[in-house]
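Written out below as structure tokens is the structure these notes cover.
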Amino acid sequence: QVSLVESGGGLVQAGGSLRLSCAASGSIFSIDVMGWYRQGPGHQRELVAIITTGGTTKYGDSVKGRFTLSRDNAKNTAYLQMNSLKPEDTAVYYCNADGVVVTSRYGKYVYWGQGTRVTVSS
């Protein structure tokens with residue numbers, strides 16, 4: 001019913017930039033929160049950034065000041081601009097949609113994307 005399609009990952013040198021996109025599609029009425037989490041080698045999944053429908057954002061401590069999350073509610077799409085990338089940003093980045101209201105059934109749901117790999121070389 002609902003799918004999250006991520007794009008924009010890849011290989012970049014330290015200090016470079018990448019922009020990730022996450023487009024939610026399906027029978028969606030609304031999405032409370034969209035965002036990104038990441039899981040690096042040997043690490044647990046951690047928060048990168050989330051954004052509400054109203055534009056309120058929250059960032060993980062390690063990315064504050066370098067990453068910017070934005071959202072187009074009409075397109076159900078979130079964009080993560082990543083600047084000043086560091087080797088420790090290397091991870092698989094997962095898009096998340098929380099509080100999703102779909103047109104076909106009652107309730108709110110959580111969805112995850114398949115992940116997109118970001119590799120930052122030193």
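Note that this is a predicted model, so its numbers are computed, not measured.
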Distance-only check: which donor-acceptor pairs under 3.5 Å involve side-chain atoms of residues 1-28, not counting sequence neighbours?
| from | atom 1 | to | atom 2 | distance (Å) |
| --- | --- | --- | --- | --- |
| Q1 | OE1 | R105 | NE | 3.3 |
| Q1 | OE1 | R105 | NH2 | 3.4 |
| Q1 | NE2 | S104 | OG | 2.8 |
| S3 | OG | S25 | OG | 3.0 |
| E6 | OE1 | Q114 | N | 3.2 |
| E6 | OE1 | G115 | N | 2.6 |
| E6 | OE2 | C95 | N | 2.7 |
| E6 | OE2 | G115 | N | 3.3 |
| S17 | OG | N83 | OD1 | 2.9 |

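Checking R38, R117, Q39 one by one against Y93, the side chain to side chain donor-acceptor pair (under 3.5 Å) holds for a single residue, R38.
Shortest non-hydrogen contact noted between T77 and K75 is OG1-O, 2.9 Å. Residues R66 and L85 approach most closely at NH1-CA, 3.9 Å, considering heavy atoms. In this structure, A78 and L69 approach most closely via the heavy-atom pair CB-CD1, 4.3 Å.
Between the T57 side chain and the I51 main chain, no donor and acceptor come within less than 3.5 Å of each other. At distances below 3.5 Å, not a single donor-acceptor pair connects side-chain atoms of D98 with backbone N or O atoms of V33.
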Could you walk me through whether K86 and D89 satisfy the salt bridge (Lys or Arg N to Asp or Glu O under 4.0 Å) test, starting with their C-alpha distance in whole Å, then the side-chain angles of each, then the deciding distance to 0.1 Å, before giving a yes or no? CA-CA 5 Å; K86 305 174 181 179; D89 293 317; over 6 Å; no
Before giving the answer on side-chain contact (heavy atoms from CB on, under 4.5 Å), spell out for M82 and V48 the whole-Å C-alpha distance, their side-chain angles and the decisive distance to 0.1 Å. CA-CA 10 Å; M82 305 186 295; V48 177; 5.9 Å; no
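No path of Ile, Leu, Val, Met, Phe, Trp and Tyr side chains, each step under 4.5 Å between heavy atoms, connects L80 with Y37, placing them in separate hydrophobic clusters. Cluster annotation: Y109 is connected to I31 through the hydrophobic network of ILVMFWY side chains, with a link wherever side-chain heavy atoms come within less than 4.5 Å. In the hydrophobic clustering of this structure, Y79 does not group with I50; members are Ile, Leu, Val, Met, Phe, Trp, Tyr whose side-chain heavy atoms approach within less than 4.5 Å, directly or through other members.
Ring-plane geometry between W112 and Y94 is classed as perpendicular, the angle between the planes exceeding 60 degrees on a 0 to 90 degree scale with a lower cut at 30.
In this structure, T52 OG1 and K58 NZ are separated by 12.5 Å, a value rounded to the nearest 0.5 Å.
Sorted pairs that involve residues 41-86 and meet disulfide (SG to SG under 2.5 Å), not counting sequence neighbours, are lacking altogether.
Taking F29 as the reference, V101, T103 meet the side chain to side chain contact (heavy atoms under 4.5 Å, CB included) condition, with sequence neighbours excluded.
More than 12 heavy-atom neighbours from other residues, nucleotides or ligands sit within 6.0 angstrom of CZ on R45.
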